[in-house]
Number of protein chains: 2
Amino acid sequence: MSDTKPTQQYIRKDDRREMIAEAARALILEKGYAALRTRSVAERVGINISTLHFHVPNKTALVRLVAETSRDAFLALLPPGPDAERPALAQLRAEVRAYHDSLRDRPELAACFGQLTQVATAEPEVAEILDAFTQDWCRRYAEILAIGRSQGVFRATVQPLPAALMITGALASFGPRGPKGLAMFWPVVDEIERSLLVPESRECSDAD
Amino acid sequence: MSDTKPTQQYIRKDDRREMIAEAARALILEKGYAALRTRSVAERVGINISTLHFHVPNKTALVRLVAETSRDAFLALLPPGPDAERPALAQLRAEVRAYHDSLRDRPELAACFGQLTQVATAEPEVAEILDAFTQDWCRRYAEILAIGRSQGVFRATVQPLPAALMITGALASFGPRGPKGLAMFWPVVDEIERSLLVPESRECSDAD
DNA sequence: ACATGAATCAATCATATGATTGATTTATAT
DNA sequence: ATATAAATCAATCATATGATTGATTCATGT
């Protein structure tokens, strides 16, 4: 008879840890962090609990692993980064598009960031990772806004940091458990753009 | 010598439930929902676990109680509600100020909303409460925006619902575990206002 | 006074859960 | 081939945790 899991064993530690992280992320997306059990993770990976502990010593380390891999996976999806030589609006759109696609294709990532905020109070190391990431993400937008302002495409009254916080806050609300999926994502992005662009570039003269 | 708990007993069910809800909210704020234990709640209230179960049958009911009381407590802090006869900017500011004060004075409320999203996937009743509330909160802003647009104080290009989602998303990011406290709250609000107000020295001579 | 119900608690149960121990199997280098 | 290290598992432990049972104490109306 054929097995459901034919001959799948003895994976190298690094790969196994990645499999474990992936399983944990999926479970967090599906059931929430509060329901995350080391046993469930092991089961999902298809290994014994002791094997899980061989690769990841304890639950704290597991959570840290999830935080780190989520951050790295998300950062890998982002576009090049602010560049004063390129048109700011295009950079803003690329940034937003990358985030949108991550929500669509890798919903576990945003879900983990959201859920891990619950652990953050108890696990300073996780808080550190989340805070650093959030700040990085916000800074990317702030720099694009500053560039766009000096390029004259964004209002001169745009304050980069507050505006970046506004944007990232608005975007973050679209994570899993956001307002019924991504239906309102682009309308909100459009509203953000209208709120940033200098008045002349709309209505008076027709769009490009 | 005097006791730390002199003769504190036999509270009426309704009051006891409120005390339980308050304790649970405080614990969620401090340790996060994932660390919420019925025992901890009972201990905080100063009652036996069986007494807790007498007032609140099980943990699901406890979570539901927390969700309901958090929502009610928050709604009670909000200003009157959209009114087409009053100046929109003042209404917007009152709305934002009420939220700000709730973050400052009742941080458990926003914390509970944030933390209970983890339960939402497992508890449809909680999801229902959270979704309904979020929608209500957003609608308040949408209506104010629509009023302000017709009053001519907000840009004619403001789309009430997307803009409201942008605003509520941005504000929601200031919950506990937001960007280092409330320091950036008002700068972000100012940015939001600038993004909504009709540009001063600008006329496009367009017919609406 | 005293009967009745409401509120409370001590003790306990059944299971869940994170973690460990020690043996077993597979890969790899010599 | 065989010794060594890496990876895996079955069994188990210790405690945590949600929940129940049955007795006890307080409040209240008559």
Side-chain angles (χ1 to χ4, degrees), chain A residues 3-24 27-28 30-67 115-116 118-119 122-123 125-126, chain B residues 3-24 27-28 30-67 115-116 118-119 122-123 125-126:
Chain A
D3 307 316
T4 38
K5 280 170 194 167
T7 332
Q8 270 291 25
Q9 263 153 355
Y10 277 77
I11 310 290
R12 289 305 233 279
K13 197 155 195 172
D14 284 341
D15 297 324
R16 205 44 127 182
R17 279 174 65 89
E18 183 44 53
M19 294 172 71
I20 290 170
E22 180 183 339
L27 286 171
I28 288 175
E30 292 168 17
K31 313 264 192 167
Y33 168 76
L36 185 69
R37 300 290 175 261
T38 56
R39 278 173 165 75
S40 318
V41 177
E43 189 183 13
R44 180 142 191 153
V45 177
I47 59 178
N48 192 280
I49 310 167
S50 359
T51 306
L52 177 73
H53 278 100
F54 170 75
H55 293 289
V56 181
N58 49 46
K59 197 175 182 179
T60 297
L62 173 63
V63 169
R64 214 161 43 215
L65 175 68
V66 168
Q115 297 278 303
L116 288 188
Q118 291 144 359
V119 209
E123 297 291 339
E125 289 201 54
V126 174
Chain B
D3 308 315
T4 38
K5 279 170 196 170
T7 331
Q8 269 289 27
Q9 265 153 355
Y10 278 76
I11 310 290
R12 287 308 231 280
K13 199 154 194 173
D14 284 342
D15 297 324
R16 206 43 128 181
R17 279 173 64 89
E18 184 43 53
M19 295 171 70
I20 290 170
E22 181 182 341
L27 287 171
I28 288 175
E30 292 169 18
K31 313 264 193 167
Y33 168 75
L36 185 69
R37 300 289 175 262
T38 55
R39 277 174 166 75
S40 317
V41 176
E43 188 183 13
R44 181 141 189 154
V45 177
I47 59 177
N48 190 279
I49 311 168
S50 2
T51 307
L52 177 73
H53 278 100
F54 171 75
H55 294 289
V56 180
N58 49 45
K59 196 174 182 180
T60 295
L62 173 63
V63 169
R64 214 161 43 214
L65 175 68
V66 169
Q115 298 277 305
L116 288 187
Q118 349 182 24
V119 210
E123 296 292 336
E125 289 200 53
V126 174

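Predicted, not measured: the structure shown is a model, and the values here were computed from it. Here is the naming used below: chain letters follow the sequence lines, and residue numbers restart at 1 for every chain.
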Atom of B:Ala67, atom of B:Val126 and distance for their closest heavy-atom approach:
CB-CG1, 4.4 Å
Mind checking what makes side chain to side chain contact (heavy atoms under 4.5 Å, CB included) contact with B:Glu30, not counting sequence neighbours?
B:Ala26, B:Leu27, B:Arg44
At a heavy-atom distance below 4.0 Å, which nucleotide of DNA chain D is the first touched by chain A, and which is the last?
D:dA6 to D:dA10
Quick check: on DNA chain D, is the nucleotide nearest A:Ile49 upstream (toward 5') of the one nearest A:His55, or the reverse? Name the residue that is more 5'.
A:His55
By the 4.0 Å heavy-atom rule, please label B:Leu62 as base, sugar-phosphate, or nothing.
nothing
Do A:Gln118 side-chain atoms and B:Ala34 backbone N/O form a donor-acceptor pair below 3.5 Å?
no
Would you mind reading off the distance between A:Arg12 atom CZ and C:dT26 atom P, rounded to a whole angstrom?
16 Å
Base, sugar-phosphate, or nothing for A:Arg39, non-hydrogen atoms under 4.0 angstrom?
base
Minimum heavy-atom separation for A:Tyr33 and A:Leu116, please, with both atom names.
CD1-CD2, 4.3 Å
B:Leu62 CG to B:Arg37 CZ distance, which is reported to the nearest 0.5 Å:
12.0 Å
Do any side-chain atoms of residues 45-56 of chain B form donor-acceptor pairs under 3.5 angstrom with protein atoms, and if so which ones, sequence neighbours left out?
from	atom 1	to	atom 2	distance (Å)
B:Asn48	OD1	B:Ser50	N	2.8
B:Asn48	OD1	B:Ser50	OG	2.5
B:His53	ND1	B:Ile49	O	3.2

Taking only N and O in the side chain of B:His53, is any of them less than 4.0 Å away from OP1 or OP2 of C:dT8?
no
Toward the 5' end of DNA chain C, which comes first, B:Ser50 or B:Asp14, by nearest nucleotide?
B:Asp14
